[in-house]
Amino acid sequence: MPELPEVETTRSGIESVAHKQRLSSMLIRQRQLRWPVPEELPDAVLGHQLISINRRGKYLLLEFDPGHLIVHLGMSGSIRAVEPDSLWRTHDHIQWLFDNQTCLRLHDPRRFGAVLWHPRESGPILEHPLLQKLGVEPLEDDFTPETLLSAFKRKKTNIKQALLEGKTVVGVGNIYASESLFLARINPELPACELTWQQAVRLHKAIRDTLQNALDSGGSTLRDYVNATGEPGAYFELHAAVYEKEGHPCRICGTAIRRIVQGARATYFCPKCQPLKRKRPSQG
DNA sequence: CTTTAACCCTGGAGGC
DNA sequence: TGCCTCCAGGGTTAAA
């Protein structure tokens with residue numbers, strides 16, 4: 001499941017093979033994704049140059065002269081560079097072919113992903129309804145411990161779900177939410193509004209370190225990304241300390257990792273390293 | 001406004 | 001061997 005590091009790796013991979021190339025064909029063999037692929041595609045974008053490729057949260061933004069393609073990989077999506085005439089696999093839904101013979105395929109078994117079209121006359125891309133309410137980018141300078149403190153000041157839900165919402169900071173999906181809280185030694189059931197300054201400092205650093213480490217582990221091109229493991233995403237999960245480690249000994253203290261469910265999502269944590277209440281010296 | 005639950009979809013796992 | 005059921009999960013949307 002692609003999280004921010006995988007999406008960023010995909011972004012830079014596409015950039016490295018298709019930047020400034022003209023789109024010579026776009027084939028759609030499955031329109032039914034998270035939302036139907038708009039009828040105006042591919043005509044609206046065909047024959048135009050790929051001007052830039054950016055990322056906002058887990059959304060990929062492919063800029064062409066007439067507008068932007070918005071691509072989300074959902075749960076199971078990936079974009080790979082393949083040989084132009086290679087066989088289509090099951091769940092290959094869309095192909096983009098550029099003038100330099102770069103051929104990109106969107107593969108998405110569960111079809112939770114999306115490919116949308118935002119014409120330039122509809123306004124700035126970042127004002128698109130899907131993008132305008134997103135929190136700050138975790139790896140940018142405007143993400144600080146204060147970002148967390150001020151946003152969570154009145155949040156009564158637990159810190160894990162508050163992080164996952166993406167209204168405060170984007171890119172922290174289910175895997176990295178558990179991983180970041182473990183690294184910051186914060187119990188996932190802590191009410192978000194009870195986050196202390198020290199905890200916010202640790203959590204801020206933990207989120208950055210977790211995402212940056214995953215990013216550094218990824219390949220630098222789409223081919224590397226795939227060759228490393230065969231399945232996109234799998235490589236990153238190898239480094240998980242708690243995610244899907246229920247019953248395994250904590251790498252810090254050896255205590256069995258626990259699994260709980262929060263908002264119908266699995267959360268993993270070490271009950272000893274991430275206590276809910278801070279230890280107070282006993283009165284004897 | 002907040003919080004919860006349903007929904008989209010397929011592959012994989014487990015029961016029989 | 002196969003069929004049935006259940007579940008995971010991101011993120012939007014409808015309902016409470």
Side-chain angles (χ1 to χ4, degrees), chain A residues 1-11 28-38 55-61 70-79 88-94 105-118 126-138 150-180 188-194 207 210-211 214 229-234 236-237 240 242-247 259-268:
Chain A
M1 45 218 83
E3 298 224 20
L4 187 139
E6 291 91 329
V7 178
E8 176 57 26
T9 298
T10 301
R11 188 208 66 80
I28 303 167
R29 59 163 48 184
Q30 172 60 271
R31 272 186 193 276
Q32 303 307 311
L33 304 181
R34 176 70 173 80
W35 298 281
V37 178
R55 178 187 59 74
R56 180 72 178 94
K58 295 177 188 170
Y59 292 90
L60 291 167
L61 310 174
I70 303 175
V71 179
H72 198 288
L73 299 177
M75 282 277 311
S76 56
S78 62
I79 291 178
W88 288 62
R89 297 170 307 156
T90 308
H91 309 306
D92 280 350
H93 303 315
I94 297 180
R105 294 251 177 92
L106 173 70
H107 178 84
D108 186 6
R110 292 182 193 179
R111 289 194 264 137
F112 279 18
V115 174
L116 299 174
W117 175 242
H118 183 76
L126 292 180
E127 289 174 20
H128 187 281
L130 290 173
L131 308 177
Q132 66 175 357
K133 301 181 304 259
L134 295 179
V136 302
E137 287 289 331
S150 64
F152 293 164
K153 198 181 298 182
R154 285 173 191 83
K155 270 244 166 255
K156 286 166 188 156
T157 55
N158 63 69
I159 186 79
K160 154 64 159 34
Q161 286 184 261
L163 273 181
L164 215 47
E165 279 176 9
K167 294 176 184 172
T168 305
V169 55
V170 294
V172 184
N174 205 42
I175 298 173
Y176 294 120
S178 283
E179 293 298 310
S180 299
E189 299 199 270
L190 178 78
C193 57
E194 292 180 17
I207 290 170
T210 304
L211 292 175
T229 62
E231 270 311 305
F236 301 101
E237 291 173 36
V242 292
Y243 188 76
E244 288 189 333
K245 303 288 187 199
E246 183 181 21
R259 177 190 192 273
I260 59 175
V261 174
Q262 297 177 294
R265 293 293 192 268
T267 303
Y268 299 84

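The chains referred to below are lettered A, B, ... by the order of the sequence lines, with proteins before strands, and numbering in each begins at 1. These numbers come from the heavy atoms of this one structure, side chains and all, not from hydrogens, waters or symmetry mates.
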ask   = Do you know which of I159(A), L163(A), N158(A) makes side chain to side chain contact (heavy atoms under 4.5 Å, CB included) with Q161(A)?
value = N158(A)

task = Nearest whole angstrom, please: distance from the P of dG9(C) to the CG of L73(A).
result = 18 Å

message = Can you tell me which nucleotide in dG10(C), dT12(C), dG11(B) comes closest to the side chain of H91(A)?
response = dG11(B)

query = Which of these nucleotides, dT3(B), dG9(C), dG11(C), is closest to any side-chain atom of K155(A)?
reply = dT3(B)

request  = Specify the separation, in whole Å, of atom NZ of K133(A) and atom P of dT12(C).
outcome  = 7 Å

message = What is the separation between atom CG on L130(A) and atom P on dT13(C), rounded to the nearest whole Å?
response = 7 Å

request  = Flag the pair R56(A) and E137(A) as a salt bridge only when some basic side-chain nitrogen lies within less than 4.0 angstrom of an acidic carboxylate oxygen.
outcome  = yes

ask   = Given dG11(C), is OP1 or OP2 found less than 4.0 Å from the side-chain N or O atoms of K58(A)?
value = yes

request  = Could you check how far CG of N174(A) sits from P of dG11(C), rounded to whole Å?
outcome  = 10 Å

ask   = How long is the line joining CD of E244(A) and C1' of dA8(C), in whole Å?
value = 9 Å

task = Tell whether R110(A) reaches the base of dA8(C) with its side chain through a donor-acceptor pair below 3.5 angstrom.
result = yes

request  = Compare the ring of F112(A) with the six-membered ring in the base of dC8(B) and state whether they stack (centres under 5.5 Å, planes under 30°).
outcome  = yes

inquiry  = Please confirm whether the shortest side-chain N or O distance from Y59(A) to OP1 or OP2 of dT12(C) is below 4.0 Å.
reply    = yes

query = Rounding to a whole Å, what distance do you find between L33(A):CG and dC9(B):P?
reply = 10 Å

ask   = Can you find a heavy atom in the side chain of L61(A) that is under 4.5 Å from one in the side chain of I70(A)?
value = yes

query = Heavy-atom distance under 4.5 Å between the side chains of I28(A) and V115(A), does that happen here?
reply = no

query = Rounded to whole angstroms, how far apart are CD on E3(A) and C1' on dG9(C)?
reply = 10 Å

query = Which sits closer to the 5' end of DNA chain B, R265(A) or K167(A), going by the nucleotide each is nearest to?
reply = K167(A)

message = If you compare every side-chain N and O of R111(A) against the phosphate oxygens of dT10(B) (OP1, OP2), does one of them come in below 4.0 Å?
response = yes

message = Tell me the interatomic distance from M75(A), atom CE, to dT10(B), atom P, rounded to whole angstroms.
response = 13 Å

query = How many angstroms lie between CD1 in I79(A) and CG in D108(A), if you round to the nearest 0.5 Å?
reply = 10.0 Å

inquiry  = Within the 4.0 Å heavy-atom criterion, would you say A264(A) contacts the bases, only the backbone, or no part of the nucleic acid?
reply    = nothing

ask   = Under 4.0 Å: is that the gap between some side-chain N or O of R259(A) and OP1 or OP2 of dA8(C)?
value = yes

inquiry  = Looking at Y176(A), I'd like to know whether one of its side-chain N or O atoms comes within less than 4.0 Å of OP1 or OP2 on dG10(C).
reply    = no

